[in-house]
Structures are given as structure tokens and as C-alpha cells.
Protein chains: 2
Amino acid sequence: MRKLVTVMMTHEREHDLYRLQAELCQTLADPTRLEILRLLEHGALPVKALSEATGQRQAKISQHLALLRQRQIVRGERFGAEVRYSLTDPRILDACRITREMLLDQLARQGTLAGMVATTSETVRGGVNTDADL
Amino acid sequence: MRKLVTVMMTHEREHDLYRLQAELCQTLADPTRLEILRLLEHGALPVKALSEATGQRQAKISQHLALLRQRQIVRGERFGAEVRYSLTDPRILDACRITREMLLDQLARQGTLAGMVATTSETVRGGVNTDADL
DNA sequence: GCCATATATTCGATTATTCGAATATGCGAA
DNA sequence: TTCGCATATTCGAATAATCGAATATATGGC
């Protein structure tokens, strides 16, 4: 059985949603947390495994996990002395994959055109700029 | 003609990539910037239009645009007195859509199960928790 | 009860982000 | 040139994020 939930979307709710979405992005805005999420791609892992795989201290990993848990991005389940973490919604990795690929393409472009950069940034009038005087 | 760029990926580069990805997410981690990106979905818009559509002061919009430009998420092109901004890579919206839908689903679940929350959070031993004592 | 292991939390210093206010620049018209 | 509009930038204060260090809690075994 599937449930369909309809949500009334007012303009204020629209802004609340942007706020929540920003909060979600903020939670993704840390290299360690991104690595944790990626490590959880194929299933649950205990803190120790995450700590060893990332090479980061346990306390730091737990701090990041606490944030991810609070924002409901991961969930922890206790098995004896250890707590295994898993993704609440695997779609988070789809979003990460997209940003990752965008970055790789961008790096490839910049790497290829590295020699052109000096020339391109001279374009002054009527040109298209990504970061220049406007 | 299509170019294929192969990138050698060492472990350090892998970490650099996480850092860049985190930086990209950080750039998305602001409600105003998210709204700007969404407004640019159907094409370029001048600053004034963005300022009016969002209801935010022009200086604030320009500040956010400067960040987005610097991170190469948007580009600005001057037409006379105005500067029209557009998305550098439309895939950014795909990523935003995913996080948005994740959030909507999450809200729907929480809204539906609102009455259960008190009960569920009592689960102590061996239970699955998103944010509780572990 | 105690111990060892695994995990969580608190604190404080450092650093980064956001915003409004004020100001500066760029452009076209007269 | 000067004006007026569109956009950009700088500054400073308030707020928030990150990390290491230290400490606290939970669990199972004895």
C-alpha cells in the first residue's frame, strides 16, 4: 500500500522549505561528513570503522554523526557495544554524485584550458564572466 | 566532437575532491542563494529581477551573486546597464531537486506520524534511532 | 560490583558566515 | 560632463561552525 500525502504550499512555507534545504546543504558542507556518507553507501558501519576508514579521531566522527543524526540523514542502531550507522535516505548520495560530477567536469575544463585563463580573463566589454568586474 | 578527459585520482586528490564538494555544498547552504538558483531555472535574469522576486535588498543579492560567481555556479553577462545572471551548469538544479524532494518526503512522514513521535522516542534498547541516546 | 571497549558529549578557542549600512563603480542619455 | 539607474564592494558587528582535549556514558564479560 502506498500513501500519497498532499502538502499545501503557501509562499511562507516555500521560504521555510528553502531554509530547511539550506540547512540540509549546510549539513553536507563538510569533507568528513561527505566521506562518511559515501562510506555508508553499501550498508551500515560502526563508528570505529568510519573512524579508521577516514583516519579521523573517534570523537570527531561522533560529533559529525551526531549532526547527521540530528538532521535525520543517518540513523544509528545499537548492536551490543557498537552502534552501526546507515543512511536514512539513500537519495542523498544521488545529490552528492551530481555535485561530484559537476566538480570533476569543472576541473577537467579548467585543467584543459589552464593556458587560456590569462587570456580569457582579459575579456572586458560585453563578455561573459564567471568572476570578474561587472 | 566530444572530449574525454581522464583524471588520475590519488588518495590525496580524493580528499581534495571532498573538500571542493563540501565547498560547493556550503555555497548552496543559504536560502537566498537557493532561491536565486531556482529563479534562474528558465533562463538569465538581471539583478533587479532577482531582488524583486526574492524581496531582498539589492546589495544582499549582489553579495550572494558574487559568491555564486566566484564558485562558478552562475555567470553574469552585461547588457547595457544591467547584468543578467544564468546558471553555469543546470545540473545544480538536479541536485537541489533531490534534496528538496527528500525534505518534502521527510516532512510528510513527520507530519503523518506526528502523534507517534512521543512513543517512538521512548524506544531505548536495540531500537533504531535517528537522534536519541546511543 | 569492576574493567575494557565503544561511543557520546561538553568546553573553549579559533575561524568563517551573514547581514545592513554606507559607499563605490559602470553605463547610457542628455 | 553630469545625472540617474543598475550593480558591486567594503566594513563591522553579530552569529555560527569546527576542532582538539578532556570527560562522560553505555555495554558485555567477569
Side-chain angles (χ1 to χ4, degrees), chain A residues 18-19 22-36 44-71 74-86 123-134, chain B residues 18-19 22-36 44-71 74-86 123-134:
Chain A
Y18 281 128
R19 203 168 38 73
E23 204 170 81
L24 175 50
C25 291
Q26 168 60 34
T27 311
L28 298 181
D30 180 279
T32 304
R33 291 198 288 269
L34 287 172
E35 194 172 3
I36 289 174
L45 288 177
V47 178
K48 200 183 171 203
L50 295 170
S51 175
E52 287 170 356
T54 59
Q56 311 276 5
R57 301 172 193 282
Q58 172 268 323
K60 186 173 170 184
I61 296 296
S62 277
Q63 282 179 60
H64 286 299
L65 285 171
L67 233 188
L68 291 168
R69 223 188 319 138
Q70 190 189 324
R71 306 284 167 87
V74 302
R75 49 172 55 176
E77 189 170 0
R78 192 174 272 283
F79 285 83
E82 67 183 15
V83 177
R84 299 190 193 150
Y85 281 90
S86 56
T123 312
V124 176
R125 255 180 158 253
V128 178
N129 291 290
T130 37
D131 192 31
D133 50 305
L134 295 170
Chain B
Y18 281 128
R19 206 169 36 73
E23 204 171 80
L24 176 49
C25 291
Q26 170 60 36
T27 312
L28 299 180
D30 180 278
T32 304
R33 291 198 288 269
L34 287 172
E35 193 172 3
I36 289 174
L45 288 176
V47 178
K48 199 183 171 203
L50 294 171
S51 174
E52 287 170 356
T54 59
Q56 311 276 3
R57 301 172 193 283
Q58 173 269 323
K60 185 173 169 184
I61 296 296
S62 276
Q63 283 179 74
H64 285 298
L65 285 171
L67 232 188
L68 291 168
R69 224 188 319 140
Q70 190 189 325
R71 307 284 168 85
V74 302
R75 48 172 55 174
E77 189 171 1
R78 192 175 273 282
F79 286 84
E82 71 184 15
V83 177
R84 299 188 194 151
Y85 281 91
S86 56
T123 313
V124 176
R125 256 179 157 252
V128 178
N129 292 289
T130 37
D131 189 33
D133 48 307
L134 295 170

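Reminder, nothing fancy here: chain letters follow the sequence lines and each chain counts from 1. Hydrogens, waters and symmetry mates play no part in the numbers below; they use all other heavy atoms, side chains included.
Here the C1' atom of nucleotide D:dT7 and the CG atom of B:Leu45 are 15 Å apart, to the nearest Å. The nearest whole Å value for the distance from the CD atom in A:Glu23 to the C1' atom in C:dT18 is 16 Å. Note: CZ (A:Phe79) to P (D:dT27) measures 14 Å, nearest angstrom. Rounded to whole Å, the distance from CD1 on A:Ile61 to C1' on C:dA8 is 13 Å. The CZ atom of A:Arg57 sits 12 Å away from the P atom of D:dC19 (whole-angstrom rounding). Per the geometry, CD belonging to A:Gln58 stands 12 Å off C1' belonging to D:dT23, to the nearest Å. Per the geometry, CG belonging to A:Leu65 stands 13 Å off C1' belonging to C:dT9, to the nearest Å. The separation between B:Leu50 atom CG and D:dA8 atom C1' is 14 Å, rounded to whole Å.
Side-chain nitrogen and oxygen atoms of B:His64 include at least one within less than 4.0 Å of the OP1 or OP2 phosphate oxygen of C:dC19.
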Please determine whether side chain to side chain contact (heavy atoms under 4.5 Å, CB included) holds for the pair A:Lys48 and A:Glu82, giving the CA-CA distance in whole Å, both sets of side-chain angles, and the decisive distance to 0.1 Å.
CA-CA 8 Å; A:Lys48 200 183 171 203; A:Glu82 67 183 15; over 6 Å; no
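For B:Lys48, whose side chain is taken as the heavy atoms from C-beta onward, the closest listed nucleotide among C:dA6, D:dT9, D:dT7 is D:dT7. When the nucleotides D:dA8, C:dT9, C:dT18 are ranked by their closest atom to the side chain of B:Leu67, C:dT18 comes out on top. Among the nucleotides D:dT7, C:dT7, D:dT27, the one closest to the side chain of A:Pro46 is C:dT7. Listed nucleotides: C:dA8, D:dA8, C:dT7. Nearest to the side chain of A:Ala59: C:dA8. Side-chain atoms of A:Lys60 lie closest to D:dG20 of the nucleotides D:dG20, D:dA8, C:dT7. Across C:dA8, D:dT18, D:dA8, the shortest atom-to-atom separation from the side chain of A:Tyr85 is found for C:dA8. Considering only the side chain of B:Asp30, C:dT18 comes nearest among C:dT18, C:dA6, D:dT7.
Nearest heavy-atom pair, A:Val74 versus A:Leu65, reported as atom, atom and distance to 0.1 Å: CG2-O, 4.2 Å. When all heavy atoms of A:Gln26 and B:Gln26 are compared, the closest pair comes out as OE1-OE1, 2.9 Å.
Mapped onto DNA chain D by nearest heavy atom, A:Arg33 and A:Gly80 fall at different nucleotides, with A:Arg33 at the one closer to the 5' end. Each of B:Val47 and A:Gln63 was assigned the nucleotide of DNA chain D with the nearest heavy atom; the assignment lying further toward the 5' end belongs to B:Val47.
Here the side chain of B:Thr54 pairs a donor or acceptor atom with the backbone of B:Leu50 at under 3.5 angstrom. In terms of modelled atom types and a separation under 3.5 Å, the side chain of B:Arg33 and the main chain of B:Thr27 share a donor-acceptor contact.
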